[in-house]
Every structure is written in structure tokens, then in C-alpha cells.
Undergrad: 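Take a look at the following structure, please.
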Amino acid sequence: MREAIMLIVDLINDIHDVIANTFGAGMTDKELHFWIFGILGIITFFFVYIVFKILSKLKWSIAILAFLYTFTMMVVLVFAVEIQQAYTQRGNMEFADAVMGLWGFVVFFGVYAMIAIIGYFIYKAIKK
């Protein structure tokens with residue numbers, strides 16, 4: 001995990017240097033972050049907006065959106081815990097731990113989804 005984070009940090013630093021040298025001459029780090037994250041955020045917003053607009057037309061749209069939001073939150077939480085373990089030295093920071101944490105959520109959600117689908121079909125059968 002530590003190696004993966006260091007690789008990502010090195011990659012981000014390299015990208016930061018290229019952007020700073022290309023566009024950021026004379027910009028402070030705060031100004032560069034303002035522009036880069038502003039542009040990255042608005043591009044992400046438009047992409048997410050289009051995907052969610054498409055998903056909203058599906059039958060289970062709220063469940064799909066809730067899953068995507070929860071999964072995103074879980075990714076942030078899992079990596080925050082792993083980073084916290086490395087910072088406090090109270091556990092091993094391993095990518096496999098993060099993957100297993102996310103896998104746990106996916107499995108529990110899968111069980112919930114199966115129960116919900118079975119319940120839905122039972123409800124439809126009784127309603128007829």
C-alpha cells in the first residue's frame with residue numbers, strides 16, 4: 001500500500017511540475033490548485049451529470065445512485081483509515097486491506113440486493 005501511494009504521489013508531483021512549468025509560470029501553488037481543481041471539478045461534474053441523467057431513467061435509479069454515492073464514500077473512508085494507520089503506526093497500511101474493506105461492502109450490498117429482489121418478486125406475485 002505504501003508503495004502504491006508513493007507511486008501515485010510521484011505521478012501527481014510529476015503532473016504538477018509539468019502543469020506548473022507549462023501554465024503556472026508566475027502562479028502561486030494556491031492559484032494553480034484553484035485553476036486545476038476548478039477545471040477538473042467542473043469536467044467531473046458534467047460527466048457525472050450526464051451519467052446520472054441516464055441512470056435516472058432506469059427503474060432502480062435511486063438504488064443505483066445510492067450505491068454509487070455510498071461506494072464513493074466508502075472508497076474515501078477506507079483509504080483514510082489506511083492512511084491513518086500509517087500515520088499513527090497502529091496497523092499495517094496495505095492496499096489489500098483497502099480492497100477487502102470495499103469487497104465487504106460489495107458483498108453485503110449484494111446480499112441486500114438479492115433480498116430486495118426476492119421481496120420485490122414476492123410482492124408482485126401476491127399483488128396479482
Side-chain angles (χ1 to χ4, degrees):
M1 178 75 169
R2 193 168 297 219
E3 294 80 21
I5 288 179
M6 293 310 293
L7 180 67
I8 292 168
V9 166
D10 288 340
L11 179 64
I12 290 171
N13 282 336
D14 291 343
I15 292 170
H16 180 275
D17 292 343
V18 168
I19 292 170
N21 292 333
T22 305
F23 303 106
M27 278 195 211
T28 67
D29 203 37
K30 287 175 183 52
E31 292 169 333
L32 190 60
H33 282 223
F34 173 85
W35 284 100
I36 297 303
F37 284 103
I39 292 167
L40 184 62
I42 200 68
I43 290 170
T44 302
F45 169 78
F46 288 129
F47 174 76
V48 169
Y49 180 80
I50 291 166
V51 170
F52 280 25
K53 194 79 167 159
I54 293 166
L55 287 175
S56 71
K57 296 179 185 338
L58 300 176
K59 181 171 182 65
W60 300 92
S61 62
I62 298 299
I64 294 168
L65 295 175
F67 173 81
L68 290 173
Y69 179 82
T70 305
F71 187 79
T72 302
M73 186 185 75
M74 293 304 296
V75 167
V76 171
L77 182 62
V78 161
F79 281 103
V81 167
E82 289 301 315
I83 292 168
Q84 176 269 342
Q85 284 183 338
Y87 180 74
T88 61
Q89 303 289 315
R90 297 194 65 173
N92 293 329
M93 185 172 159
E94 297 179 46
F95 188 72
D97 290 350
V99 170
M100 286 307 291
L102 293 174
W103 186 240
F105 168 66
V106 169
V107 168
F108 276 81
F109 183 82
V111 169
Y112 158 76
M114 293 305 294
I115 292 169
I117 289 169
I118 291 168
Y120 173 76
F121 284 120
I122 290 172
Y123 171 79
K124 291 289 261 187
I126 291 173
K127 193 174 177 183
K128 285 184 180 183

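In this text the structure is predicted, and so the values were computed from the model without any measurement. Each residue takes its place number in the sequence, starting with 1.
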Undergrad: Distance from Met74 atom CE to Phe67 atom CZ, nearest 0.5 Å?
TA: 10.5 Å

Undergrad: Who passes ring-ring contact (aromatic ring centres under 6.0 Å, His included) against Phe34, sequence neighbours left out?
TA: none

Undergrad: Within a strict 4.5 Å, meaning less than it, do heavy atoms of the Val106 and Trp103 side chains meet?
TA: yes

Undergrad: Are Phe109 and Tyr112 an aromatic pair, judged by ring center distance below 6.0 Å?
TA: yes

Undergrad: What are the two closest non-hydrogen atoms of Asp97 and Glu82, and how far apart are they?
TA: CB-OE2, 3.2 Å

Undergrad: Please round to the nearest 0.5 Å and tell me the distance separating atom CG of Leu32 and atom CZ of Phe37.
TA: 9.0 Å

Undergrad: Checking the side chain of Thr72 only, and the main-chain atoms of Leu68 only, is there a donor and an acceptor separated by less than 3.5 Å?
TA: yes

Undergrad: Quick one: pull up CG in Leu58 and CG in Leu65 and give me the separation to the nearest 0.5 Å.
TA: 9.0 Å

Undergrad: Return the minimal non-hydrogen interatomic distance between Val18 and Thr22, and the atom names on each side.
TA: O-OG1, 2.7 Å

Undergrad: To the nearest 0.5 angstrom, please state how far the CZ atom of Phe45 sits from the CD1 atom of Ile50.
TA: 10.0 Å

Undergrad: When rounded to the nearest 0.5 angstrom, what distance separates CZ in Phe79 from CG in Leu102?
TA: 6.5 Å

Undergrad: Before you tell me yes or no, could you show the steps for Trp60 and Tyr120 under ring pair (Phe, Tyr, Trp, His ring centres under 6.0 Å), namely the whole-Å CA-CA distance, both residues' side-chain angles and the distance that decides it to 0.1 Å?
TA: CA-CA 12 Å; Trp60 300 92; Tyr120 173 76; 5.3 Å; yes

Undergrad: Measuring only between side-chain heavy atoms, which start at C-beta, is Ile12 closer than 4.5 Å to Ile8?
TA: yes

